**Q** 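I have a structure here, written as structure tokens, and I will follow up with some questions on it.
Computed from heavy atoms alone, side chains included, the values below leave out hydrogens, waters and symmetry copies. What you are looking at is a predicted structure, and each value in this text was computed from that prediction instead of being measured.
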Amino acid sequence: QVQLVESGGGLVQAGGSLRLSCAASGRTFSNYAMAWFRQAPGKGREFVAAISRRGVSTYYADSVKGRFTISRDNAKNTVSLQMNSLKPEDTAVYSCAAGGTLAATTISYNIWGQGTQVTVSS
């Protein structure tokens, strides 16, 4: 089973960019679909983006489509989220997750990282 550690969060002004990374331990990373979710204060966990096991298929929430890009490198056991044109409403804790299928629901992912804080100032 893999373990996930996120990095790359921080404080950025509206309109700026950040790149989040998620490093996975273990030799079975390529067996998992990967996703990013976020949770803002006082709100539930929200789907952001997902990528299939080989990176052929991607899936985005409407709120981030055209601004965020998910990618993975199975040779390096990493999945990344490039976030451009950031808005204050993107402020949240971002977590990466691993699961068996490409999906937008939390129940589809059974391995989670601890999360990294992203704060977008106006």
Side-chain angles (χ1 to χ4, degrees):
Q1 181 166 318
V2 299
Q3 292 183 319
L4 306 174
V5 178
E6 301 94 336
S7 62
L11 173 65
V12 64
Q13 289 188 332
S17 298
L18 279 176
R19 185 176 181 87
L20 305 183
S21 293
C22 174
S25 64
R27 295 180 291 179
T28 60
F29 177 72
S30 60
N31 290 345
Y32 294 92
M34 300 296 297
W36 288 93
F37 287 79
R38 66 187 182 187
Q39 187 166 18
K43 296 187 177 181
R45 189 169 277 173
E46 176 190 22
F47 170 75
V48 176
I51 189 166
S52 60
R53 298 176 187 181
R54 297 184 180 180
V56 174
S57 300
T58 57
Y59 182 30
Y60 296 93
D62 288 343
S63 59
V64 307
K65 201 172 294 183
R67 300 188 298 124
F68 291 10
T69 302
I70 189 171
S71 61
R72 68 187 296 163
D73 185 336
N74 286 347
K76 296 182 178 179
N77 282 10
T78 59
V79 59
S80 299
L81 185 69
Q82 177 66 42
M83 305 186 295
N84 299 328
S85 302
L86 283 161
K87 305 175 181 179
E89 52 264 43
D90 293 319
T91 295
V93 174
Y94 284 71
S95 299
C96 65
T101 58
L102 182 67
T105 54
T106 57
I107 198 172
S108 299
Y109 300 90
N110 59 334
I111 303 170
W112 293 81
Q114 292 297 313
T116 184
Q117 176 70 48
V118 171
T119 303
V120 184
S121 63
S122 58

**Q** Would you mind reporting whether T91 and Q117 have side-chain heavy atoms less than 4.5 Å apart?
**A** yes
**Q** List the atom of A92, the atom of A40, and the distance in Å for their closest heavy-atom pair.
**A** CB-N, 3.8 Å
**Q** Can a salt bridge be assigned to the pair D62 and K65 using a cut-off of 4.0 Å between side-chain N and carboxylate O?
**A** yes
**Q** Do any N or O atoms from the side chain of S25 and from the backbone of Q3 form a donor-acceptor pair under 3.5 angstrom?
**A** yes
**Q** Is there side-chain contact between I51 and Y32, with heavy atoms separated by less than 4.5 Å?
**A** no
**Q** With side chains defined as the heavy atoms from C-beta onward, is the minimum distance between M83 and W36 less than 4.5 Å?
**A** no
**Q** Answer yes or no: is there a donor N or O on one side and an acceptor on the other, between the side chain of Q114 and the main chain of V5, under 3.5 Å?
**A** no
**Q** Could you go through S108 and T101, starting from their C-alpha distance and side-chain angles, then the distance that decides it, and tell me whether this counts as side-chain contact (heavy atoms from CB on, under 4.5 Å)?
**A** CA-CA 7 Å; S108 299; T101 58; 4.2 Å; yes
**Q** For the atom pair CD (E89) and OG (S122), what is the distance rounded to the nearest 0.5 Å?
**A** 10.0 Å
**Q** Determine the sole option in F68, Y109, F37 for which the ring pair (Phe, Tyr, Trp, His ring centres under 6.0 Å) test with F47 is passed.
**A** F37
**Q** Could you give the distance from CZ (R19) to CG (N84), rounded to the nearest 0.5 Å?
**A** 9.5 Å
**Q** Is it the case that one hydrophobic cluster holds both L81 and V12, taking links as side-chain heavy atoms less than 4.5 Å apart, direct or via other members?
**A** yes
**Q** Taking E6 for the side chain and G115 for the main chain, is one N or O donor matched with an acceptor at less than 3.5 Å?
**A** yes
**Q** At what distance, to the nearest 0.5 angstrom, does CZ of R45 lie from OG of S95?
**A** 5.0 Å
**Q** For residues Y94 and W112: do they belong to one hydrophobic cluster (side chain heavy atoms under 4.5 Å, members Ile, Leu, Val, Met, Phe, Trp, Tyr)?
**A** no
**Q** Minimum heavy-atom separation for A24 to V2, with atom names?
**A** CB-CB, 4.4 Å
**Q** Side chain of N74, backbone of R54: donor and acceptor closer than 3.5 Å?
**A** no
**Q** Short question: side chain of R72, backbone of G55 - any donor-acceptor pair under 3.5 Å?
**A** no
**Q** For residues R38 and D90, determine if any side-chain heavy atom of one lies less than 4.5 Å from a side-chain heavy atom of the other.
**A** yes
**Q** Please round to the nearest 0.5 Å and tell me the distance separating atom CG of N77 and atom OG of S30.
**A** 8.0 Å
**Q** Measure the CG-OG1 distance between L20 and T78 for me, rounded to the nearest 0.5 Å.
**A** 12.5 Å
**Q** Starting at CZ of R67, measure out to OH of Y60 and round the result to the nearest 0.5 Å.
**A** 12.0 Å
**Q** Taking G100's backbone N and O only, do any of them form a donor-acceptor pair with R53's side chain (distance below 3.5 Å, no angle check)?
**A** yes
**Q** In the single-linkage hydrophobic clustering (I, L, V, M, F, W, Y; side-chain heavy atoms under 4.5 Å), do Y59 and V64 co-cluster?
**A** no
**Q** In the single-linkage hydrophobic clustering (I, L, V, M, F, W, Y; side-chain heavy atoms under 4.5 Å), do L102 and I111 co-cluster?
**A** no
**Q** Using side-chain heavy atoms (C-beta onward) and a distance below 4.5 Å, is L4 in contact with C22?
**A** yes
